[in-house]
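Structure record follows, encoded as structure tokens.
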Amino acid sequence: MSERRIRIETPALTRVEGEGRLDVDIRGDRIHRLHLDIFEPPRYFEKFLEGRHYSEVPDTVARICGICPVAYQMSAVQALESAFGIRPSPWVEAMRRVFYCGEWIQSHALHIHLLAAPDFLGFDDVMAMAREHPATVNRGLSLQGLGNALIALFGARSVHPVGARVGGFHHAPTPAEVAALVERLEAAIPEAEALVRWTAELPLPDEAQEFTSVALRHEREYPMVAGRIVSSAGLDVAAEAFDEHMQERHEPHSTALFAAIDGEPYLVGPLARLNLNRDRLPAAVAAVLSETGIGFPSANMYHSVVARAVEILFAVREARDLLAGYREPDSPWVAASPRAGDAAGATEAPRGLLWHRYRTDDAGLIRHARIVPPTSQNQARIEQDLHAALRAGGLDRPDDALRRHAETVIRNYDPCISCATHFIDLRVERGS
Amino acid sequence: MTDPYLPREAEILERVDEAGSIFSLRLALTDPRARADYAFAPGQFNMVYLFGVGEVPISVVRLRGEDADFAHTIRPVGRVTRAMAELRAGDRLGIRGPFGRGWPLELAEGGDVVVITGGLGCAPAVTVVHHVLANRERFGRLVIMQGVKHSDDLIWAEQYARWREAPDTRVLLAADQARPGWTGQQGLITTLFDQAEFDRGRATVMMCGPEPMMVASARRLVDDGVEAGRIWLSMERNMQCAAGHCGHCQFGPRFVCRDGPVFHYPEVAGLLGVRGF
Amino acid sequence: MTDERKPRVAVHKFSSCDGCQLAFLNLGPDLLRLAELVEIVHFAEAGPSNPDADVDIAFIEGSVSTPDERERLRRIRAHSGFLVTIGACATSGGLQALRNLRDSESEWREAIYARPEYIDSLAHATAIREHARVDLELWGCPVDGRQVLAAVRALLFGVPPVEERDKVCLECKRHQTVCVMVARGEPCMGPVTRTGCGALCPRFGRDCYACYGPAEGANTTSLAHRFEGLGLAPEAVARRFHFIHSGQEPFTGAGNEAAGIIPGKAR
Amino acid sequence: MSIYGFLHRSALKQLPECLNEAGYRCIGPRVREGAVTFGELTSIDDLPRGVGDEQRPAHYRLGEREDERLFAWAVGPQGLKSWLFTPRETLWRSRRDDDGRLYFETGSPADDRPLAAIGVRACDLAALRLQDAHFLEREPDPGYRKRRAGLFLVAVDCTHPAETCFCHSTGDGPACESGFDLALHELDDGFIVHAGSEAGERVAARLPLLPVGEEQEAARRDQQRAAIDAQQRALPGRNLRDALFANLDHERWQAVAERCLSCANCTSVCPTCFCHSHEEVPDLDGRTSEHLRQWDSCFTEGHSYIHGIVIRAETPERYRQWLTHKLGSWHDQYGRSGCVGCGRCITWCPVGIDLTEEATVICAEAGDD
Ligand SMILES: Cc1cc2nc3c(=O)[nH]c(=O)nc-3n(C[C@H](O)[C@H](O)[C@H](O)COP(=O)(O)OP(=O)(O)OC[C@H]3O[C@@H](n4cnc5c(N)ncnc54)[C@H](O)[C@@H]3O)c2cc1C
Ligand code: SF4
Ligand code: SF4
Ligand code: SF4
């Protein structure tokens with residue numbers, strides 16, 4: 001049969017955060033149309049922010065995504081602090097990194113074990129995988145738990161933490177609480193190293209593709225809460241200027257916007273970060289990575305899972321180092337005096353670059369807000385990848401095989417659809 | 001020191017389905033020493049614990065058979081009691097108790113006994129009737145009055161029929177609303193009082209049921225010449241500890257769990273029926 | 001309960017941030033124990049996808065904000081025994097219910113989407129109970145894992161879970177936290193907010209922002225008055241009530257009143 | 001008890017040392033979260049030196065003082081209550097085996113080391129007597145009893161009552177009369193110390209006490225007088241039981257309920273309130289379960305719930321329950337009022353409801369009827 005039209009339409013993509021669907025139309029040996037539908041309903045966060053007091057922003061933007069609320073809070077406070085011209089103390093800057101490390105560990109461990117690994121090992125879900133690989137799954141769950149505990153140390157809880165504020169934190173943990181966590185971090189280092197090796201040994205497909213990586217880059221540090229925005233294609237701009245280069249476009253099939261730089265799709269996230277910042281890894285982490293024999297920058301999208309494990313190891317060590325010799329500060333925050341301003345903030349969410357921009361008035365009320373989450377930046381790239389991957393694997397495979405392959409490709413990006421839908425619900429007008 | 005909070009295990013020897021959804025559990029403590037120590041007076045209650053679910057106060061009664069230490073007659077109404085309705089012989093419960101002050105049965109000896117109940121069955125009062133019937137010679141006349149909202153609510157019709165046959169016993173029933181064919185009185189329970197023959201000067205009155213009914217009955221009895229000091233009633237309040245500590249069962253100055261649940265009418269007359277107490 | 005078939009459980013998602021589903025995914029080893037005790041038949045984020053299967057317990061995250069969701073909810077209700085909403089979105093509409101307060105949905109749609117005609121959504125984001133019978137509501141943004149597990153455990157025992165309806169203050173005091181309203185003048189929502197979180201915000205030295213919604217008998221009028229006494233402008237008072245649970249009375253009304261939205265009551 | 005002497009401020013550091021040596025762990029007032037609260041004392045430097053307070057209805061702030069005094073503040077939000085009648089504790093644990101048999105064991109063993117509390121005020125001693133009466137007299141509460149048995153009390157006379165204090169009108173302060181092991185009266189340069197028990201004498205004997213001079217005596221008398229004079233509030237009588245119960249329909253109950261948040265802050269900070277609820281917390285696997293108790297309040301719905309009805313569904317009834325119990329039926333239960341005049345419920349009520357004011361209004365008309 002030369003003419004075949006299939007629609008790989010899972011009712012909902014499973015093991016991704018949020019609601020998505022893939023719609024592929026294959027005619028013969030051509031992909032006629034391929035759409036990653038994100039049909040999470042629109043949530044209008046930028047509009048909710050208008051008229052709110054700046055102090056309410058961290059609690060509001062956290063609700064965009066339950067999996068990376070810290071990232072939303074950190075990009076927001078950074079933008080607002082810059083709008084008000086305040087600079088948090090070195091203690092705050094260090095502890096924000098720790099807080100953020102917690103989210104990387106939590107989110108990456110969740111993705112690797114609960115969402116991605118079952119794909120590579122051929123299980124339907126983590127519950128099934130746990131029956132055959134209990135030690136691996138338990139290691140993953142305990143790393144995830146450690147990440148959650150780090151977030152809760154500064155945020156009281158790991159989902160929609162309540163501790164962050166413009167200027168710093170509401171509360172400083174006690175030295176005893178910190179000491180208990182340092183002990184856990186210490187114990188997790190060998191676990192995280194083992195995880196890197198384990199991901200490197202996964203039966204990952206060997207596929208090279210061409211794509212542009214985009215991430216923050218900092219003079220010294222592996223990027224997290226500071227740096228310029230750079231790309232493998234030579235972009236190098238301050239966070240303030242990002243929107244001059246990046247365009248968002250609305251496609252009929254998605255409530256998430258599609259981002260492009262100079263009209264081209266690009267990749268954000270752990271693989272992009274590692275590709276652009278391998279030289280910023282601390283020696284101990286770089287050594288573990290070298291042992292795996294996988295070279296970065298890597299053109300194999302599936303190396304994202306290795307990059308995630310490397311970032312877990314990095315974050316565990318980083319948090320431990322930053323908490324060593326912890327002292328309670330006189331005050332965990334500096335007061336902000338609001339003023340009219342307009343500034344951007346960019347940090348590296350677990351899923352990649354997260355960019356915010358706010359305009360405030362002199363009473364500290366938000367006049368305008370714009371948020372560009374990682375998943376909408378990756379959306380065009382995912383479709384590009386799917387085109388290539390499905391074709392490379394052969395379009396004549398049975399539907400089931402195609403579907404499974406496509407889901408694996410999508411999941412590999414760890415798309416967070418709730419984030420992406422600060423704009424979404426798509427009724428697809430599918431013309432024939 | 002014994003821990004007043006620690007339940008002891010009891011085994012259900014038998015489950016008896018009573019009228020409607022009401023059921024009884026005949027229980028024996030599993031620890032022989034606890035068994036030997038256990039004694040209760042009619043009108044007292046136990047805290048009955050269902051594993052993992054919760055603990056509720058339930059009156060202690062005795063129900064046929066020597067093998068059981070005590071029994072509970074339970075009306076399933078909510079979380080704990082509904083789950084208890086699933087229990088079968090052989091299942092285990094935790095028991096603390098007995099707690100509280102029971103009926104003044106010794107004081108009542110030698111005179112008439114009037115038992116007034118309202119609502120859907122009333123376990124504490126049943127124990128009084130059983131006691132009087134089992135010790136018939138020590139008491140005068142026995143008058144049992146029961147009021148219900150609707151004649152359909154009357155349960156245990158056979159039980160009332162049986163009591164009616166007992167020596168020197170009068171059973172009077174009233175329903176606010178009655179279906180055709182109802183042989184009892186139509187109206188509030190107080191409408192029965194004119195028919196009730198007992199010695200107003202020497203009878204002991206024991207009541208339990210909804211508070212408005214108890215207030216109305218007590219006031220009417222006092223008007224009829226019954227000394228307030230000869231009226232007793234059993235009360236219900238939220239109970240968590242049964243040790244007089246948790247404060248939930250306070251009724252004015254009284255802790256219902258330890259000063260009651262059976263009260264002397266003059267002790268509580270002031271606040272009885274006052275909204276909010 | 002021993003050798004009978006395991007209860008079947010589904011976790012569904014509507015408009016939300018996915019945070020409440022994490023109450024399950026963050027359970028750690030308890031997640032695996034849970035999977036032993038029940039059969040998880042639908043939980044798209046964790047893997048199993050079987051949205052129309054008959055289940056004993058259905059957990060629902062998220063609010064209803066599209067015609068599709070309304071229809072999906074109808075089917076879920078028909079296939080579910082005990083239906084539990086988890087989190088603010090499902091119980092009161094959540095943060096996205098802020099759009100209900102203004103007749104601005106279409107205006108916003110145009111402001112954000114270049115092609116607003118592609119977007120098909122309902123004018124309001126609403127609680128699950130507005131569309132289907134709900135057997136239990138677990139509040140909180142996000143819902144607390146302890147409460148979710150307690151609910152599962154109670155249902156496994158065959159009893160309805162205990163509802164926590166007291167105010168945050170009581171829990172705050174059990175933790176011996178110093179009141180941020182009295183000692184610092186923070187406009188804390190604790191006195192009208194339902195307990196369940198463990199009084200996290202005051203314990204972290206800040207005001208509660210009512211992510212668990214209204215407690216029983218919440219006296220919003222008195223608290224709003226007190227906030228004014230602390231120096232909050234009427235719009236600021238309104239924003240206190242019109243936040244995570246703006247869709248839930250008495251918060252909706254208290255916020256409206258402060259903002260002067262109800263004619264006659266406006267200040 | 002005969003030991004009575006002067007301890008120089010610099011020598012006070014020996015007190016916790018002596019107590020530690022005698023096997024006590026010490027708690028005392030420290031500044032935490034902007035208030036003076038009890039916590040573990042590692043040294044005398046943890047005490048709030050040169051700290052003063054400002055209290056009004058719904059208002060509490062700390063400030064700095066010119067002097068070095070350690071106890072120149074009135075009670076903070078927390079008394080001794082939480083150390084004896086703990087906010088949450090496990091009463092029992094149960095286990096069910098595969099045959100359905102149940103096994104019970106008593107709750108978490110308390111920290112068995114005896115506790116010494118430094119800085120307890122007269123109102124707290126009075127409250128402790130009431131809690132003792134409640135938890136120990138008829139049916140002794142095992143946890144409370146264990147913790148109470150080892151308690152060593154270092155009391156301190158109040159020299160700086162807050163605007164919300166009224167212990168003089170209840171007869172409970174500001175000076176500590178009895179019920180302590182050691183009592184301190186703070187002066188500019190140190191403390192007049194006296195022992196109130198044998199245990200107190202043993203500890204006091206190890207302190208470098210000097211004879212008390214006439215001037216120091218006079219200063220103490222002046223301070224005590226001033227502390228009494230500083231109290232601005234008062235209850236309208238020591239026994240308001242009859243007046244309150246005669247006014248159950250007073251319109252003031254409704255008026256106060258319009259402000260009252262029914263939030264239970266007043267009962268939680270009250271050092272004599274004892275209400276608590278039980279909670280069952282089974283493990284996920286359903287094999288073991290814990291039975292807890294935790295602070296509850298007559299301001300909650302659950303407090304008066306019995307199946308199908310809430311006896312005090314509305315705030316007027318709840319506020320009335322609290323006041324008629326605290327100032328009224330307490331007399332029947334424990335032979336005195338349940339209020340010791342500490343003023344905490346006034347300061348820590350988020351809307352500043354003042355029970356002395358409410359009681360004054362409600363009881364004023366009692367005579368007029
Ligand atoms: C002294 C005394 C004797 C009693 N004797 C009997 C009896 O013999 N048979 C019988 O069927 N019932 C009796 N009850 C009533 C019985 O205690 C309640 O029906 C039972 O507590 C309801 O619990 P639940 O969990 O099923 O209901 P829910 O309505 O779900 O109640 C939740 C919780 O509230 C508390 N509670 C609710 N109702 C009451 C109540 N009436 N009294 C105290 N606490 C309550 C309990 O802790 C209960 O678990 C008695 C009550 C008291 C105070
Ligand atoms: S801090 Fe908030 S929650 Fe805590 S007691 Fe004060 S008002 Fe209540
Ligand atoms: S204190 Fe309030 S806002 Fe904070 S977590 Fe609890 S309920 Fe939510
Ligand atoms: S009197 Fe004050 S503290 Fe007490 S319940 Fe009412 S508002 Fe809360």
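What you are looking at is a predicted structure, and each value in this text was computed from that prediction instead of being measured. Proteins come first, then strands; the chains are lettered A, B, ... in the order of their sequence lines, and each starts at number 1.
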Given heavy-atom pairs under 4.5 angstrom as the criterion, report whether the side chain, backbone, both or neither of [X] touches chain D.
X: B:R79; answer: neither
X: B:L271; answer: side chain
X: B:F277; answer: both
X: B:C249; answer: neither
X: B:V274; answer: side chain

Given a strict heavy-atom distance threshold of 4.5 Å, which part of [X] is in contact with chain B: side chain, backbone, both, or neither?
X: D:E280; result: side chain
X: D:E290; result: neither
X: D:H307; result: side chain
X: D:R241; result: neither
X: D:R101; result: both
X: D:Y103; result: neither
X: D:D249; result: neither
X: D:T324; result: side chain
X: D:H331; result: neither
X: D:H134; result: both

So which of [options] has the largest heavy-atom pair count under 4.5 angstrom toward chain D?
options: B:E11, B:R8, B:E9, B:E236; answer: B:E9
options: B:E55, B:R237, B:R258; answer: B:R258
options: B:C241, B:G52, B:A10; answer: B:G52
options: B:V77, B:D259, B:D91; answer: B:V77
options: B:G54, B:G90, B:G247; answer: B:G247
options: B:P253, B:G244, B:G270, B:G252; answer: B:P253

- Task: Using the ring of D:F299 (Phe, Tyr or Trp, six-membered ring only), decide whether D:R318 places NZ or CZ under 6.0 Å from its centre and within 45 degrees of its axis.
- Result: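 Pair D:R318/D:F299 does not count as cation-pi.
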
- Message: For the aromatic rings, using the six-membered ring if either is Trp, is the centroid distance between B:F251 and B:F263 under 6.0 Å?
- Response: no

Taking the basic N atoms (NZ, or NE/NH1/NH2) and the acidic carboxylate oxygens, is any pair closer than 4.0 Å for [X] and [Y]?
X: D:D124; Y: D:K81; answer: no
X: B:D17; Y: B:R15; answer: yes
X: B:E267; Y: B:R254; answer: yes

Evaluate the side-chain proximity of [Y] to [X]: yes if any heavy-atom separation is below 4.5 Å, no if none is.
X: B:I95; Y: B:H72; value: yes
X: D:V361; Y: D:H250; value: yes
X: D:L84; Y: D:F135; value: no
X: B:N46; Y: B:F40; value: no

Highest number of heavy-atom pairs under 4.5 Å with chain B: which of [options]?
options: D:Q321, D:E314, D:R138; value: D:R138
options: D:E279, D:R287, D:R312, D:H276; value: D:H276
options: D:E317, D:H303, D:R320; value: D:H303

Within 6.0 Å of [atom1] in [X], more than 12 heavy atoms from elsewhere:
X: B:R275; atom1: CZ; value: no
X: B:R88; atom1: CZ; value: yes
X: B:R219; atom1: CZ; value: no

- Describe, in one word, how the ring planes of D:F85 and D:W295 are oriented to each other, choosing from parallel (under 30°), tilted (30 to 60°) and perpendicular (over 60°).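 Rings of D:F85 and D:W295: tilted, as their planes differ by 30° to 60°.
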
- Short side-chain to backbone donor-acceptor contact, B:W103 and B:P124, under 3.5 Å: yes

